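Keep in mind that the numbers below use all heavy atoms, side chains included, and drop hydrogens, waters and symmetry copies. Residue indices begin at 1 and follow the sequence shown. All of these numbers come straight from a predicted model, not from anything done at the bench.
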Amino acid sequence: MRMRHPLEGAGAALLLLLPYYCKFLLPSNLALFHHRLPVTHLIGGILADMLVYSIVATAFLVAVQSLPQPSQRILDALFVSLMLWTIVDFANLELIHLQYRIESWGQLWWQSAVVILLLSGVLAYLYPRVTLHAVHAVRLVIAGVAFSAVWIVPQLLHLALARQAGDNAAPAPLHLPAHGITNRRIVWILFDELSYHQAFDHTAPDIQLPNFDRIRSKSISFGNLRPAGFYTEKIIPSLFIGEQIDDIRSTVDGRLAYRNDSERRWIAYDQNATLFALARRNGWHTGIDGWFIPYCRTLAQVVDDCSWEPNLMPIEEFGASEEKSILANAALMPSRFLALFHKTATPEEAHIQIYRNIVAHAQTLIGNEQLQFIFLHIPVPHGPGIYDRRSHSLRPGGTYLDRLVLADETLGALMKEIQATRTAGQTTVIVSSDHSWRISLSRHTPVWSSEEERASGGNFDDRPVMLIHFPNQQTSRDVSAPFPEMLEHDMIEQMLLGKIVDSNGMDAFISRQGR
């Protein structure tokens, strides 16, 4: 056995498993941040397969050397073609998550592998000299890939063995002040990627949004809200803490750190400086339901009832989970390559389940009248497509306008839950969004539709939504002057302190801002 064979075997294993471990290696650790912790069994399964794949690939390459030259040349070509194909497959998996996709790849997955392998075998037979040089060059690259294991394996081991706290730690004991504010309620409903332009200013002709229209007719609305950013994971933590966040990263145990343009050093995110900590100090019981951001880890000590839906790691899309053993997870990954039909849950199907889980728990939080400050992060009208507005059914597909209708119907369902509570007459409802419809992220992808092109006009209107409806408010007021989204934090802070309790108090707050 030559020294290069173990190197090629290790390189082959790293290439074959690249889709599973690449997310764990990001320097920012944001894949960990958006995922449930710990990840010990997930990474353990990957490492176990790395060892097995390396041994199998090395044994194959050694065995090939004992065959006659023509057979050896053809099998070497098949091996190299398989490695090149895995890179193409990995690229497509990444493009799917960015909504750039080869639409038929799911059906062509195994067929394309067979065709590539057959084609490489034929070329090796017909053009032996050219094949020999090509195979030699690619195998050198594969052997070179093996040296990356020097940092990949230790990094994965570090993450697998790190002491990672769970995401549902019990909050600190709640000590209500003698004169805590306990007779009022705030329900803050944030719709991800809801555009003021699309919802109110230039709603498409065939779109009806009765629930948004109804609450706007009885609210203070901000029609020229200046966004606090472009990305959810920066905007929402900024609003919670009242400080502009321009960049974020995570520790290996999923703790958030941030920095801004004025102070370039990294700062640990302090949950005790958030609105939820302020609420608890002033006698409010708090609840959160959302997705994408690990609320139950980031705000573990200041929230009484919390639920969140995380992102999935690529390995989980094929059936692995932290609840399964290392060996069970390791056994799942080879099945992907042995299966004739490559079938996994699509991003749309996963998003439908996320939506259902969040709405169900949101209704539970609203129904718990002991919770007085509730934040709900609803995953629509953010993509991917999950709704058909004509049949009013959840299913893969649909446009931003379909999801806009779904957001309206969701608001209607949540408002019905609020109105059914005994505290409805003391409840302030805030309807907002983190950012507007970011058409630049999907306009040049296959999922973009002519309907969306007409609705947007190809232009990005950056205004998010913010509506404030106070108890028993029957009139509306539109604030047309530019208004920073970051002031949303200050408004809610004043509400929690009892300094803004009705529309008159809000008018005074707005006047103090010179608007």
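S449 and E452 share a donor-acceptor pair across their side chains, judged by distance under 3.5 Å alone. Q353 and N357 form a side-chain donor-acceptor contact under 3.5 Å, judged by distance and modelled atom types alone. A donor and an acceptor atom, one from each side chain of T399 and E451, are located under 3.5 Å apart. Side-chain N/O atoms of R280 and N282 include no donor and acceptor closer than 3.5 Å. With hydrogens and angles left out, the side-chain atoms of E409 and Y387 include a donor and acceptor closer than 3.5 Å. For the 3.5 Å distance criterion, the side chains of W448 and E453 qualify, holding a donor opposite an acceptor. Using modelled atom types and a 3.5 Å distance limit, the side chains of S456 and Y400 yield no donor-acceptor pair. In the model, H377 has no side-chain atom that pairs as donor or acceptor with a side-chain atom of D289 under 3.5 Å. Between the side chains of D462 and S436, no donor-acceptor pair of N or O atoms lies under 3.5 Å.
One finds the CD1 atom of I374 at 10.5 Å from the CH2 atom of W284 (value rounded to the nearest 0.5 Å). We find the CG-CD1 distance between N260 and I245 to be 8.5 Å, quoted to the nearest 0.5 Å. Note that the CG atom of L371 and the CD1 atom of I186 stand 13.0 Å from one another [nearest 0.5 Å]. For the atom pair Q426 CD and T421 OG1, the distance stands at 8.5 Å (nearest 0.5 Å). Note: M506 CE to R477 CZ = 10.0 Å, rounded to the nearest 0.5 Å. A distance of 10.0 Å separates CD1 in I378 from CG in L406, rounded to the nearest 0.5 Å.
When side chains are defined from C-beta on, I248 counts as touching L30, because their heavy atoms get closer than 4.5 Å. Side-chain contact check for Q208 versus V405: every heavy-atom pair is 4.5 Å or farther apart. Considering only heavy atoms from C-beta on, F460 stays 4.5 Å or farther from S195 through its side chain. At a threshold of 4.5 Å between non-hydrogen side-chain atoms, the residues L256 and I293 do not count as touching. With contacts defined as side-chain heavy-atom distances shorter than 4.5 Å, the pair V303/D305 does not qualify. At least one side-chain heavy atom of I492 sits under 4.5 Å from a side-chain heavy atom of I430. Counting heavy atoms from C-beta on, the side chains of L156 and F24 come closer than 4.5 Å. With a 4.5 Å cut-off on side-chain heavy atoms, V302 and N272 count as touching.
Proximity of a side-chain donor or acceptor of R185 to a complementary backbone N or O of T427 within less than 3.5 Å is not detected. Without hydrogens or angle criteria, Q198 side chain to L404 main chain gives no donor-acceptor distance under 3.5 Å. A side-chain donor-acceptor contact under 3.5 Å links S433 to the backbone of L194. Using modelled atom types, one side-chain atom of E322 and one backbone atom of L42 make a donor-acceptor pair closer than 3.5 Å. Looking at R297, its side chain does come within 3.5 Å of a backbone N or O of F33 through a donor-acceptor pair. Not a single donor-acceptor pair under 3.5 Å links the side chain of N29 to the backbone N or O of L32. Remark: side-chain polar atoms of D402 are not paired, donor with acceptor, to backbone N or O of D388 under 3.5 angstrom. At least one donor-acceptor pair under 3.5 Å links the side chain of Q244 to the backbone N or O of A228. Although no hydrogens or angles enter the test, the distance criterion places no donor-acceptor pair under 3.5 Å between the side chain of D192 and the main chain of P379. Counting only distance, with no hydrogens or angles, the side chain of Q372 and the backbone of H285 share a donor-acceptor pair below 3.5 Å.
Evaluation of the side chain to side chain donor-acceptor pair (under 3.5 Å) rule for T475 yields no partner, not counting sequence neighbours. Under the salt bridge (Lys or Arg N to Asp or Glu O under 4.0 Å) criterion, E485 pairs with no residue, sequence neighbours left out. Take R249 and apply the salt bridge (Lys or Arg N to Asp or Glu O under 4.0 Å) test, not counting sequence neighbours, and it matches no residue. Applying the side chain to side chain donor-acceptor pair (under 3.5 Å) criterion to T251, with sequence neighbours excluded, gives D253. The salt bridge (Lys or Arg N to Asp or Glu O under 4.0 Å) test applied to R463 returns D201, D461, not counting sequence neighbours. For D478, the salt bridge (Lys or Arg N to Asp or Glu O under 4.0 Å) partners two or more places apart in sequence, or in a different chain, are R216. Among residues two or more places apart in sequence or in another chain, the ring-ring contact (aromatic ring centres under 6.0 Å, His included) test is passed with F191 by F212. Qualifying side chain to side chain donor-acceptor pair (under 3.5 Å) partners for T298, counting only residues two or more places apart in sequence or in other chains: none. Among residues two or more places apart in sequence or in another chain, the ring-ring contact (aromatic ring centres under 6.0 Å, His included) test is passed with H41 by none. Partners of F276 according to the ring-ring contact (aromatic ring centres under 6.0 Å, His included) rule, which considers only residues two or more places apart in sequence or in another chain, are F240, F373. H202 meets the ring-ring contact (aromatic ring centres under 6.0 Å, His included) test with H197; sequence neighbours excluded.
By the 30° and 60° cut-offs, the orientation of the rings of W188 relative to F375 is perpendicular.
Considering all non-hydrogen atoms of both residues, Y295 and G290 come closest at CE1-CA, 3.9 Å. Across G11 and A146, no two heavy atoms sit closer than the pair N-CB, 3.7 Å. Taking each heavy atom of L401 and A204 in turn, the nearest pair found is CD1-CB, 3.8 Å. A160 and T40 make their closest contact through O-OG1, 2.9 Å (heavy atoms, listed as atom of the first residue, atom of the second, distance).
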Mind running side-chain contact (heavy atoms from CB on, under 4.5 Å) on I366 and Q363 for me, showing each step along the way?
CA-CA 5 Å; I366 292 172; Q363 293 173 323; 5.7 Å; no

Begin from the C-alpha positions of T428 and H469 and carry the test side-chain hydrogen bond (donor to acceptor under 3.5 Å, both in side chains) through to its verdict.
CA-CA 6 Å; T428 296; H469 171 74; over 6 Å; no

Going through the distances and angles, do F230 and D434 end up as a side-chain contact (heavy atoms from CB on, under 4.5 Å)?
CA-CA 8 Å; F230 194 74; D434 45 355; over 6 Å; no

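Y196 pairs with exactly one of V465, L225, N224 by the side-chain contact (heavy atoms from CB on, under 4.5 Å) rule, that one being V465.
Counted within 6.0 Å of OH on Y231, heavy atoms from surrounding residues, nucleotides or ligands total 12 or fewer; the atom is thus considered open.
W291 has its ring centre no less than 6.0 Å from the ring centre of H34.
Judged as a salt bridge (Lys or Arg N to Asp or Glu O under 4.0 Å), the pairs with a partner in residues 232-248 (not counting sequence neighbours) are, in order, D247-R259.
By the 6.0 Å and 45° rule, R255 does not stack over the aromatic ring of Y269.
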